[in-house]
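Encoded as C-alpha cells, the structure appears first; notes follow it.
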Amino acid sequence: MKSDSQRVPQHVAIIMDGNGRWAQRRNEPRTAGHRAGVKSVRTVVEESVRLGVRVLTLFAFSSENWRRPPSEVRVLMELFINALRAEVGRLNAHGVRLRIIGERSDLPERLQQGIAAAEAATERNTNLLLQIAANYGGRWDIVQAARRLASAVQSGQLLPEAIDEARFAQALSFGDQPDPDLFIRTGGEQRLSNFLLWQSAYTELYFSDLMWPEFDAKAYGEAIADYGRRQRRFGLTGDQLSQRDPA
Ligand code: IPE
Ligand code: IPE
Ligand code: MG
C-alpha cells in the first residue's frame, strides 16, 4: 500500500472563491479578480495532470450568481467565452478533456457555442477530465436527475422500484465519474454554496484562507498532502480499516 503522503485524490472539486475581495483589497474592480483567477485555474489544471488526479471539477458560476450586478455577470460570461477559445490549445497540449456541467440553455448563445466547440476539440484527451460547473447548482442537479428518471418511468423504460442510489447517481450531471474525494474552497468561507450536494456525501473537506487568485501550486500541493493524511472511514471504525489495510 502507498504511504499516506503518496495518496492522491482521484477526483478534486474546488469552489474558486475570493476573486472579488482579492481585487477590492488592491483597490481594483471585482472583475480584475476574476481575470486574475484564470491563472490559478491554469495552475491547478496543470498540477492535477502532473500529480495524477483524474477528474477536476471547478465551480465557476453558480445558479445563484445571476443575482449579481448585470455588469459583473456580463464580464464573467465574456471571460468564460474568451478563456474557452484561448485555452483549448493548452488543454490539448496537456491531454485534458473539457466538460461543462450545469444548465446550459440559460447561458448566452455565444458561450453555448464556445462550450460545444471546446468540448469537441478536447474529447479524445485522457490525462484529466476537467469539469467546469457553469450555471450549476447542487439542487438543480438533483432535480434534473429526478426529472430524467420520472420521464424514463413515464415512458415505461424504468420501474420505480429500480430506482436506487446507484441508479439515481447515474442520472446526475457526471454519473459516469466517481464522487469527489477532496473538496477545496478558497476565500475563507466554510460552506458548500449549493455545489455538489449529492456527490459530496463522503468527500473530504478542505478550506483555505487564500483568495482564489493567490492559490498557487504550493497551496494546491498542501491541500493534496493534507488529504493524504486523512483516514476515510465510510462508516467503519478505524480498527476495521487498519485490519483491512495494514500500513
Ligand atoms: C468567486 O469569487 C468567483 C465567482 C463566484 C464567479 P467571488 O466573486 O465570489 O469573490 P468574493 O467572494 O466576492 O471575494
Ligand atoms: C460560490 O461562490 C460559487 C462560485 C465560486 C462559482 P459564491 O461567492 O457565489 O458563494 P456565496 O454566495 O459566498 O455563498
Ligand atoms: Mg464569493
Side-chain angles (χ1 to χ4, degrees), residues 13-45 56-88 90-91 98-122 130-145 147 172-174 183-200 207-215:
I14 306 182
I15 297 189
M16 312 184 284
D17 196 21
N19 292 347
R21 280 165 289 160
W22 177 85
Q24 282 164 329
R25 282 180 194 169
R26 299 158 53 104
N27 291 316
E28 290 178 42
R30 294 176 50 83
T31 49
H34 299 315
R35 292 182 209 285
V38 176
K39 182 161 162 274
S40 301
V41 173
R42 255 182 233 136
T43 303
V44 294
V45 168
L56 176 66
T57 304
L58 303 178
F59 207 4
F61 192 87
S62 75
S63 329
E64 290 74 31
N65 287 146
W66 296 109
R67 298 182 186 150
R68 293 192 177 193
S71 56
E72 182 170 339
V73 171
R74 211 173 310 119
V75 169
L76 283 166
M77 296 299 153
E78 225 25 72
L79 201 58
F80 205 171
I81 292 169
N82 294 336
L84 284 174
R85 205 176 303 128
E87 302 296 322
V88 162
R90 203 185 288 261
L91 295 176
L98 182 74
R99 166 193 268 178
I100 306 307
I101 60 170
E103 179 57 66
R104 292 183 193 206
S105 60
D106 297 333
L107 296 172
E109 191 64 41
R110 270 196 313 135
L111 179 51
Q112 292 185 45
Q113 287 164 3
I115 288 171
E119 286 180 333
T122 61
L130 170 62
Q131 305 190 116
I132 305 279
N135 194 19
Y136 179 88
R139 288 181 174 175
W140 165 84
D141 202 357
I142 292 168
V143 168
Q144 70 81 29
R147 201 180 286 156
L172 291 164
S173 279
F174 47 92
F183 161 98
I184 300 171
R185 182 175 188 142
T186 61
E189 312 293 352
Q190 305 199 349
R191 55 176 172 258
L192 294 180
S193 298
N194 196 19
F195 197 22
L196 307 167
L197 296 181
W198 171 287
Q199 299 92 333
S200 298
F207 298 96
S208 166
D209 286 332
L210 293 175
M211 299 295 132
W212 178 248
E214 301 165 333
F215 196 74

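Everything quoted here is computed from the prediction, not taken from an experiment. For this chain, numbers begin at 1 and follow the sequence in order.
- Under the side chain to side chain donor-acceptor pair (under 3.5 Å) criterion, Gln113 pairs with no residue, sequence neighbours left out.
- Residues that satisfy the side-chain contact (heavy atoms from CB on, under 4.5 Å) test with Arg26, not counting sequence neighbours, are Trp22, Glu28.
- Taking CD of Gln190 as the start and CG of Asp209 as the end, the distance is 7.5 Å to the nearest 0.5 Å.
- Residues Ile100 and Tyr136 are not in side-chain contact: their nearest non-hydrogen atoms beyond the backbone lie 4.5 Å or more apart.
- With sequence neighbours left out, Asn135 forms a side-chain contact (heavy atoms from CB on, under 4.5 Å) with Ser63, Trp66, Glu103, Asp106, Leu107.
- Of all the heavy atoms in Ala23 and Pro29, the pair that sits closest is CB-O, 3.2 Å.
- Taking Arg35 as the reference, nothing meets the side chain to side chain donor-acceptor pair (under 3.5 Å) condition, with sequence neighbours excluded.
- The side chain to side chain donor-acceptor pair (under 3.5 Å) test applied to Ser193 returns Arg185, not counting sequence neighbours.
- Heavy atoms only, all atoms of each residue included: Ile142 and Leu197 are closest at CD1-CB, 4.3 Å.
- The line from CG of Leu58 to CG of Leu130 is 5.5 Å long, rounded to the nearest 0.5 Å.
- When the side chain to side chain donor-acceptor pair (under 3.5 Å) test is applied to Gln131, the partners found at least two apart in sequence or on another chain are Thr57, Arg99.
- Using a 4.5 Å heavy-atom cutoff, the side chains of Ile184 and Phe215 are in contact.
- Applying the salt bridge (charged side-chain N to carboxylate O under 4.0 Å, His left out) criterion to Arg67, with sequence neighbours excluded, gives no partner residue.
- Note that the CD atom of Gln112 and the CD atom of Glu109 stand 5.0 Å from one another [nearest 0.5 Å].
- For Arg90, the salt bridge (charged side-chain N to carboxylate O under 4.0 Å, His left out) partners two or more places apart in sequence, or in a different chain, are Glu46, Glu87.
- Trp140 places none of its side-chain heavy atoms less than 4.5 Å from the side chain of Asn194.
- In the model, Asp141 has a side-chain atom that pairs as donor or acceptor with a side-chain atom of Gln144 under 3.5 Å.
- The nearest pair of heavy atoms linking Leu98 to Ala118 is CD2-CB, 3.6 Å.
- Remark: Glu64 engages no residue in a salt bridge (charged side-chain N to carboxylate O under 4.0 Å, His left out) (not counting sequence neighbours).
- Considering only heavy atoms from C-beta on, Asn65 stays 4.5 Å or farther from Phe59 through its side chain.
- Arg85 pairs by the salt bridge (charged side-chain N to carboxylate O under 4.0 Å, His left out) definition with nothing, not counting sequence neighbours.
- Contact check for Ser200 versus Phe195: no side-chain heavy atoms found under the 4.5 Å cut-off.
- For the atom pair CE of Met16 and CE of Met211, the computed distance is 15.0 Å after rounding to the nearest 0.5 Å.
- Taken from CG in Leu84 to CG in Leu111, the straight-line distance is 6.5 Å, to the nearest 0.5 Å.
- By the side-chain contact (heavy atoms from CB on, under 4.5 Å) test, Ser40 is found to be paired with Trp212, residues two or more places apart in sequence or in another chain being considered.
- Taken from CZ in Phe183 to CD in Gln199, the straight-line distance is 12.5 Å, to the nearest 0.5 Å.
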Atom pairs and distances, side-chain donor-acceptor, residues 73-81, under 3.5 Å, sequence neighbours left out:
residue : atom : partner : partner atom : Å
Glu78   : OE1  : Arg110  : NH2          : 3.0
Glu78   : OE2  : Arg110  : NH2          : 3.4

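- Listed here is the closest heavy atom pair of Ala13 and Leu196: CB-CD1, 3.7 Å.
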